[in-house]
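Accompanying notes for the structure given below.
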Number of protein chains: 2
Amino acid sequence: MKLSSQAQAFVLHFGEMGSRWGFNRTVGQMFALLTIHSEPVNADQLAEALKISRGNVSMGLKELQAWRLIELHHQPGDRKDYFTAAGSIWDLARTVFEERRKRELDPTLTLLRQLLLTEPGDEQEAEAQKKIQEVYSLLEMLDQFANTLSKLDEKDLLKLMKLGSGLSKLLELKSRATGAAGKAGAKKAPARK
Amino acid sequence: MKLSSQAQAFVLHFGEMGSRWGFNRTVGQMFALLTIHSEPVNADQLAEALKISRGNVSMGLKELQAWRLIELHHQPGDRKDYFTAAGSIWDLARTVFEERRKRELDPTLTLLRQLLLTEPGDEQEAEAQKKIQEVYSLLEMLDQFANTLSKLDEKDLLKLMKLGSGLSKLLELKSRATGAAGKAGAKKAPARK
DNA sequence: TACAATTTTCAGAAATTTCTGAAAGTTAAG
DNA sequence: CTTAACTTTCAGAAATTTCTGAAAATTGTA
């Protein structure tokens, strides 16, 4: 499989960015290749195109499957496994988003919840507890928001993201429309310092 | 400086999560410690509390300053540099969010923009170009949305994140309020179910 | 200026992650 | 059942990242 210089650049870049997005270089490259290549690709082709070992490809494919980013296909009369990116670019973005939320937020929320159960022993600890509570509240809210976004359908998500400065206007509109009482959890707005 | 077992757990966890959030273990630990400890802390105290070398602390502080996550202070009559987390938890979250956007999105947008400039040579390349365009559009939109969120003040951000399922209702409301013509790109509002 | 306190730097050591490739495992076809 | 095609595994090698600590640089004071 020959890659155009354009495809080459795309693939190499996703390899480099890979670590920032949660996977290693070759996994990033494999994903990029499957993304720009619309035809299904098999493991040998990936190894050849990316100049990496067959074993590494096998491990990378396993990881991409764990991320639910690729799909297995079969070609009639060919025993090899073929892969494509799973779904549209939009689907992929959604999957990466959800997967990252799970990996970056959930474990921390679990720990903080646990830390908040033990009563502080002294003044110093009470102070720390307060900070932990603040971090927890923020991350919990973030997590819920991410969850809300995940549930929006493509049309609404698009609408929301395109709002730009219209967003704050819309939020204002909301206050007027529904009054001061928001949804559950939005109790009392304490006077700002 | 002695850490309570609670603080200890908090610090260790942020060390482990650090890599997922874009910095290494000790930098994560240092940040966590500065976050739960309200009093300014100097480099020697950090090295002692975290059991890491003085040199490592120096490098870590440099990195946290690059992230704009910590602030330098001085105590009268003491030549040492003291540090605290910069601003409220809320400020910190905002900073991390912006910094990550810069690191995770900007370089890719720049590359893709460049790739889209060259005309595809053959059918295969045209196909790839189309995919690159899709990825670009999505990331560009994400970037703009992130930018919009960054600009919201705390009150609006809080309101937005607490909306929950109210969000899609609000978006619907928006369609009705402003009619079919949304912002650029948000063409045709199909009849509601 | 000289000096002592403090921070930074950076070469090499240590730790961690990634990658290879040969061997083991699996599966479909004959 | 046997074989050949294919995939997975995993021990060790290679690459990369992180960390240490001693030396160099910087800074405030006298």
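Per chain, numbering begins at 1; letters A, B, ... match sequence-line order. Both backbone and side-chain heavy atoms feed into the values below; hydrogens, waters and symmetry mates do not.
Leu46(A) has its CG atom 11 Å from the P atom of dT7(D), to the nearest Å. Residue Gln45(B) contributes atom CD, which lies 11 Å from atom P of dT7(C) at whole-angstrom precision. In this structure, the CD atom of Glu16(A) is 11 Å from the P atom of dT17(D), given to the nearest Å. Atom NE2 of His74(A) and atom P of dA28(C) are 9 Å apart (whole Å).
Counting all heavy atoms, side chain and backbone alike, Glu127(B) lies closest to Ser38(A) at CG-OG, 3.4 Å.
Nearest-nucleotide assignment on DNA chain D puts the 5′-proximal partner with Lys80(A), out of Lys62(A) and Lys80(A).
The residue Asp44(A) sits apart from the nucleic acid: no heavy atom pair falls under 4.0 Å. Contacts of Asn42(A) with the nucleic acid, taken as non-hydrogen atoms under 4.0 Å apart, are absent.
Each of Gln114(A), Glu125(A), Gln124(A) was evaluated against Gln6(B); a single residue qualifies, Glu125(A), per the side chain to side chain contact (heavy atoms under 4.5 Å, CB included) test. Each of Gln133(B), Glu140(B), Glu134(B) was scored for a side chain to side chain donor-acceptor pair (under 3.5 Å) with Ser137(B), with one residue passing: Gln133(B).
Using a distance-only test at 3.5 Å, with no hydrogens or angles considered, no donor-acceptor pair links the side chain of Arg101(A) to the main chain of Ala146(A).
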Sequence-aligned protein contact record of nucleotides 18-30 of chain D, with B where the base is within under 4.0 Å of a protein heavy atom and S where only the sugar-phosphate is: SSBB-----BB--
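Checked by atom type, the side-chain pair Gln144(A)/Thr148(A) shows no donor-acceptor distance below 3.5 Å.
Applying the salt bridge (Lys or Arg N to Asp or Glu O under 4.0 Å) rule to Glu99(B) yields the partners Arg68(B), Lys102(B), Arg103(B); only residues at least two apart in sequence or on another chain are considered.
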